[in-house]
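Reviewing the structure listed below.
By convention in this document, chain letters (A, B, ...) are assigned in the order of the sequence lines, proteins followed by strands, and residues within each chain are numbered from 1.
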2 protein chains.
Amino acid sequence: MTSAKVELFEENLQQAAGYFKALAHPARLAILKYLAESKVCISGDISNELPLSRTTVNQHLKELKNTGLIKGSIDGVKVNYCLNPAKVKELKQILGDFLNTVELPEKFNCRD
Amino acid sequence: MTSAKVELFEENLQQAAGYFKALAHPARLAILKYLAESKVCISGDISNELPLSRTTVNQHLKELKNTGLIKGSIDGVKVNYCLNPAKVKELKQILGDFLNTVELPEKFNCRD
DNA sequence: GTTTTATGACGTATTTTTACGTCCTAAAGC
DNA sequence: GCTTTAGGACGTAAAAATACGTCATAAAAC
């Protein structure tokens with residue numbers, strides 16, 4: 001029984017957790033940062049920027065693509081990967097919403 | 001090989017990724033939300049709130065404790081877990097900083 | 001037309017995460 | 001005293017994430 005229990009939680013928590021997960025690896029953060037800075041690029045370029053093999057970078061790219069944060073369009077042999085502005089916006093919205101739910105009261109009655 | 005390559009990335013990306021990872025499971029989000037709402041509680045209470053066994057919840061609590069987001073203080077047999085306001089604040093700061101680095105330009109030159 | 005280059009697809013090893021069950025301990029109740 | 005209750009410690013099994021290497025393919029370069 002070590003099945004995924006993720007779906008037993010509230011819908012919005014699942015969604016937020018999914019986005020957090022997508023950002024839970026420095027390689028993926030580096031990719032997003034790189035794409036945001038350079039606007040458009042190919043995945044080969046990206047693997048040169050990272051201390052990981054091309055195949056591993058590709059896997060991270062695929063993951064970001066699955067969450068919808070990036071898009072890749074075929075251009076002959078090369079693939080242009082770039083950010084999906086709509087999804088990035090949604091991501092920010094959802095993560096922001098969650099973080100607001102853990103707003104802290106002025107004084108927190110917890111002994112140290 | 002398959003060793004952790006996380007430490008090969010920029011310090012700030014590592015840190016951000018670590019926080020994102022801490023939030024990458026709905027159970028942990030639910031715990032944080034619950035703690036934020038109820039101010040103080042014991043871990044037994046929490047496992048009643050979640051669709052997971054006590055031991056599993058305990059593991060998630062331990063993970064949140066390792067990242068410093070929550071604190072647990074011994075009170076006889078019972079343990080009061082609560083948010084660590086300082087760390088939560090840091091988390092928001094760091095995640096916000098990262099998200100700002102992926103700010104999007106007005107028009108993004110990517111064909112669909 | 002052959003070689004190079006870029007990239008996806010596939011397979012696989014290792015590590016980490018997720019999820020429990022069981023046992024142990026120590027206070028609280030009876 | 002004995003029993004219940006609460007929770008930590010430990011072990012383990014299954015799944016997912018991480019990291020590569022190798023192969024296949026198709027355009028580009030020569």
Between CG of Leu83(A) and CD1 of Ile31(A), what distance do you get to the nearest 0.5 Å? 11.0 Å
Look up atom OG1 in Thr67(A) and atom CG in Asn84(A), then write down how far apart they are to the nearest 0.5 Å. 9.0 Å
Send over the distance from Glu63(B) CD to dT16(C) C1', rounded to a whole Å. 10 Å
Determine whether any donor atom in the side chain of Gln59(A) lies under 3.5 Å from an acceptor atom in the base of dA17(D), or the reverse, and answer yes or no. no
At less than 4.0 Å, is any side-chain N or O atom of His60(A) found next to OP1 or OP2 of dA19(D)? Yes or no. yes
Nearest whole Å is fine: how far is dT17(C) P from Arg28(B) CZ? 8 Å
Between dA19(D), dG8(D), dA9(C), spot the one nearest the side chain of Lys62(A), thanks. dA9(C)
Which one, dT16(C), dG8(D), dC20(C), comes nearest to the side chain of Asn58(B)? dG8(D)
Against the side chain of Thr55(A), the closest entry in dT18(D), dC20(D), dA19(C) is dC20(D)
Determine: side-chain N/O of Lys21(A) to OP1/OP2 of dT17(C), distance under 4.0 Å, yes or no. no
Within less than 4.0 Å of OP1 or OP2 of dC20(C), is there a side-chain N or O belonging to Ser53(B)? yes
Check the distance between dA6(C)'s C1' and Ile46(A)'s CD1 and give it to me in whole angstrom. 14 Å
Could you tell me whether the side chain of Arg28(A) and the main chain of Ala22(A) form a donor-acceptor pair under 3.5 Å? yes
Can you tell me the distance, in whole Å, between the CG atom of Leu50(A) and the C1' atom of dT18(D)? 14 Å
How close or far is atom C1' of dA14(D) from atom CG of Leu52(B), stated in whole angstroms? 15 Å
Rounded to the Å, how far apart are His25(A) NE2 and dA16(D) C1'? 13 Å
Is the phosphate of dA6(D), meaning OP1 or OP2, less than 4.0 Å from a side-chain N or O of Tyr81(B)? no
What are the two closest non-hydrogen atoms of Cys82(A) and Leu35(A), and how far apart are they? CA-CD2, 4.1 Å
Whole angstrom value for the distance that separates C1' of dG8(C) from CG of Leu61(A): 12 Å
Give the rounded distance in Å between these two atoms: CZ of Arg54(A) and P of dC10(C). 14 Å
State, to 0.1 Å, how close Val88(A) and Val102(B) come at their nearest heavy-atom pair, and which atoms those are. CG1-O, 4.2 Å
